[in-house]
Amino acid sequence: MPISQGDLEASIRNVIPITHLEIIDQSSGCGENYAIFVVSDAFEGKTTLARHRFINDILKKEIALMHAFSQKTLTPKQWEAQQAKATAA
Amino acid sequence: MLRTALRASHLQRGVMRTPLLAPSSLTIARRFISQETRAKIQDAVNSTPVVLFMKGTPDAPQCGFSRATVQILDLQGVPPEKLKTFNVLEDAELRTAIKEFSEWPTIPQVYVNGEFVGGCDIILGMHQSGELETLLEKQGVIPPIEGDAKASS
């Protein structure tokens, strides 16, 4: 069952403050395969496992309908550091 | 295709091979796994230092995420005798139950000494950051590198 990018985005934005959000449809059309990249203050002080569980919980219904789901979660500080590193390289 | 067949016929479910879970557990409610099922999965994750629930087998993975996870465990040098894998595609009940057990919606799933570590994204991230190596060393799965392990960074 296809899930729209907009629905995913709304579900996440409803629950946590978002610094940066990328939702990539990797399904080539069927809408069942998404990769998301979330940068949020809400992840501060949480382990990666806890962050992923948090997102899994927010998107529980949607993920159950998907074929594949992948995520990356950073705090704004980590994201800045990553960008700085990328620029320097 | 397997899934479709299972949905189509309940008769088929009875004859499915269930390497980990006994056929009797097929009758349990789908949403919440029984204490019995939970105990069996707990025994399975405790049976070997590293346990991987995946789609397919290490030699023939049937999903890109499972393949990547197998490759990472291989790169880390996890010895074969310390790794046990379960193919959830061969066991419809396990495929559902493992998600309830760990409260994790996707497969693959990696356990180290009975503790859930994560799925493909987390294993890949930990591999890249060096955390996975540290964890496997601390848990006695792989030997620490001779001399100062930190010297390589």
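Per chain, numbering begins at 1; letters A, B, ... match sequence-line order.
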task = Looking only at non-hydrogen atoms, find the nearest pair between B/Glu133 and B/Ile145 and report the distance.
result =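 The pair with the smallest heavy-atom distance is OE2-CD1, 3.2 Å.
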task = Output the option from A/Ala68, A/Ala64, A/Ser70 having the highest count of non-hydrogen pairs under 4.5 Å with chain B.
result =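 Greatest number of close heavy-atom pairs with chain B: A/Ser70.
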task = Sequence neighbours left out, what passes salt bridge (Lys or Arg N to Asp or Glu O under 4.0 Å) with A/Arg13? Give chain and number order.
result =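 Salt bridge (Lys or Arg N to Asp or Glu O under 4.0 Å) list for A/Arg13, sorted by chain: A/Glu9.
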Donor-acceptor pair, distance only, cut-off 3.5 Å: does the side chain of [X] make one with the backbone of [Y]?
X: A/Lys46; Y: A/Ala42; answer: yes
X: B/Ser66; Y: B/Lys55; answer: yes
X: A/Thr75; Y: A/Phe43; answer: no

request  = Name, in order of residue number, those residues of residues 101-121 of chain B that have a heavy atom at a distance of less than 4.5 Å from a heavy atom in chain A; otherwise write 'none'.
outcome  =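 The stretch touches chain A at B/Ser102, B/Glu103, B/Trp104, B/Pro105, B/Thr106, B/Phe116, B/Val117, B/Gly118, B/Asp121.
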Pair B/Asn87-B/Gln62, side-chain donor/acceptor within less than 3.5 Å =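 Looking only at side-chain atoms, B/Gln62 and B/Asn87 do not form any donor-acceptor pair under 3.5 Å.
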query = How about A/Tyr34 and A/Phe69: are their ring centroids closer than 6.0 Å?
reply =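 They do not qualify: ring centres at least 6.0 Å apart.
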query = Is chain B contacted by the side chain of A/Ile63, its backbone, both, or neither, given a heavy-atom distance below 4.5 Å?
reply =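 Just the side chain, heavy atoms under 4.5 Å.
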